[in-house]
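These notes concern the structure reproduced below.
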Protein chains: 2
Amino acid sequence: MSEQPTDTPRNEDFLRLDHQICFALNAASRAFGGVYRVALKDLGLTYPQYLVMLVLWEDGTTPVKQLGTRLRLDSGTLSPLLKRLEAAGLIRRERSTEDERSVHAVLTEAGTALRARAAEVPRRIAAATGCDLAEIRDLQTRLHRLTAALDTAAAQV
Amino acid sequence: MSEQPTDTPRNEDFLRLDHQICFALNAASRAFGGVYRVALKDLGLTYPQYLVMLVLWEDGTTPVKQLGTRLRLDSGTLSPLLKRLEAAGLIRRERSTEDERSVHAVLTEAGTALRARAAEVPRRIAAATGCDLAEIRDLQTRLHRLTAALDTAAAQV
DNA sequence: CACAATTAAGTTGTGCACAACTCAATCGCT
DNA sequence: AGCGATTGAGTTGTGCACAACTTAATTGTG
């Protein structure tokens with residue numbers, strides 16, 4: 001009978017907003033959005049666009065499919081986003097010659113050059129969190145575990 | 001591209017995708033979205049709509065302004081969302097008599113009744129996370145601290 | 001009292017997230 | 001080889017997030 005020592009595990013209690021982990025997560029994610037919006041304004045990037053650029057700077061030319069895997073996004077989100085990056089002159093989209101279904105995102109000169117200007121962004125963000133590196137790393141580990149668990153659960157439905 | 005001479009901490013390292021706490025957070029938040037989408041489908045609610053209902057079930061009739069404070073959302077998000085909840089017959093919007101600028105969200109019969117059916121949602125979500133209560137609570141504390149720090153930093157810009 | 005400043009909702013426009021769908025290229029199997 | 005199934009992008013439609021703006025009600029101050 002001592003499964004949940006101090007908590008009354010009634011459904012009622014679980015419905016309280018401030019008990020919802022998802023809300024804390026969602027709020028934190030949007031708070032990050034606000035800080036990034038400021039930090040990325042000079043670069044002319046939104047936060048999801050910045051994520052795509054991170055992958056390209058790190059891995060170079062990348063198929064859309066792989067961007068999706070890496071960023072957990074589907075073509076419905078990526079297609080228009082990549083068009084905007086292309087319109088901004090940061091990438092080109094090139095259809096693969098080996099597999100004509102596949103499209104590769106390729107950095108342009110301007111896209112490659114932007115990396116230098118983006119270099120200071122992470123430090124500014126880190127400063128805004130007010131957390132030390134260990135705290136951040138720990139949080140990341142927990143979040144990865146959580147995401148994996150949630151994806152598994154969703155897939156089982 | 002061969003201009004990294006030292007092994008001292010470089011901005012370069014901070015640019016790696018898997019070092020970005022914001023990405024882990026964003027991914028976890030969207031993973032939650034997927035699980036909620038399934039759990040809330042029967043209720044005909046989206047996740048943000050569910051959050052509004054949580055506040056109303058907890059606090060009763062609530063001004064739009066206060067919903068915004070509670071959920072960290074502005075009128076640009078809430079106005080159309082509340083219209084959809086009203087169209088679904090779950091709430092009414094009533095202009096305050098004391099202050100005619102203010103609009104209150106009021107639960108209808110159907111909106112109140114929905115609470116019983118929502119009662120099992122949190123348990124299903126908790127199960128999907130695979131975390132115990134202590135882990136969740138700890139994560140929440142960290143996220144609140146993080147959100148507060150980010151909001152402060154954003155306000156200072 | 002008068003009236004400028006503030007406040008609460010709502011509107012408009014842009015971009016992201018995702019479901020559901022189409023279409024063409026490729027794969028797998030007989 | 002033939003052909004149905006699968007795969008990768010893209011499109012369409014809905015809803016959320018948020019900036020920038022409008023409108024109307026209220027407040028504060030001279």
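Note on naming: letters A, B, ... go to the chains in the order of the sequence lines (proteins, then strands), and numbering restarts at 1 for each one.
Remark: C1' of D:dA25 and NZ of B:K65 are 15 Å apart, rounded to the nearest angstrom. Put simply, CG on A:L67 is 13 Å from P on D:dG8, counting in whole angstrom units. Between A:H104 atom NE2 and D:dG8 atom C1' the separation is 11 Å, expressed in whole Å. With rounding to whole Å, B:L82 atom CG is found 10 Å from C:dA9 atom P. Whole-Å rounding puts the A:Y36 OH to D:dC18 C1' distance at 18 Å. We find that CG of B:L150 is positioned 16 Å from C1' of D:dA17, with the value rounded to whole Å. For A:R93 and D:dG8, the CZ to C1' distance is 13 Å, given to the nearest whole Å. Distance B:N26 CG to D:dA17 C1': 12 Å, rounded to the nearest Å.
Look at B:S102 and you won't find any side-chain N or O under 4.0 angstrom from OP1 or OP2 of D:dA25.
Qualifying side chain to side chain donor-acceptor pair (under 3.5 Å) partners for A:E94, counting only residues two or more places apart in sequence or in other chains: A:R92. Scanning for side chain to side chain donor-acceptor pair (under 3.5 Å) contacts around B:E86 gives B:R93, with sequence neighbours left out.
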Are any protein N/O atoms closer than 3.5 Å to N/O atoms in nucleotides 11-14 of chain C? If there are, list each pair with its distance.
residue: C:dT11; atom: OP2; partner: B:K83; partner atom: NZ; Å: 2.9

With the criterion being N/O to N/O and under 3.5 Å, what pairs connect the protein with nucleotides 21-27 of chain C, and how long is each?
residue: C:dT26; atom: OP1; partner: A:E100; partner atom: N; Å: 3.1

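Legend: side-chain hydrogen bond (donor to acceptor under 3.5 Å, both in side chains) pairs involving residues 21-30 of chain A, not counting sequence neighbours, sorted by first then second residue: A:N26-A:R30. Under the salt bridge (charged side-chain N to carboxylate O under 4.0 Å, His left out) criterion, the residue pairs touching residues 134-145 of chain A are A:E135-B:R142, A:E135-B:R145, A:D138-A:R142, A:D138-B:R142, A:R142-B:E135, A:R142-B:D138, A:R145-B:E135, with sequence neighbours excluded.
Classified by interplanar angle (parallel below 30°, tilted 30° to 60°, perpendicular above 60°), the ring pair B:Y36/B:Y50 is tilted.
Of all non-hydrogen atoms in A:I136 and A:C131, the two that sit nearest each other are CG1-CB, 3.9 Å. B:P63 approaches B:S102 most closely through the heavy-atom pair CB-OG, 3.9 Å.
Two residues are said to be in side-chain contact when any heavy atoms from C-beta on lie closer than 4.5 Å; A:L67 and A:L82 meet this criterion. Between B:L81 and B:P48, some side-chain heavy-atom pair lies under the 4.5 Å cut-off.
Nucleic acid contact for B:L81: sugar-phosphate only, since backbone atoms but no base atoms lie under 4.0 Å from a heavy atom of the residue. B:L73 comes within 4.0 angstrom of the backbone, heavy atoms only, and of no base.
Of the candidate nucleotides C:dA19, C:dG10, D:dA9, D:dA9 has the atom nearest to the side chain of A:V64.
Map A:R95 and A:A31 each onto its nearest nucleotide of DNA chain D; the residue landing nearer the 5' end is A:R95.
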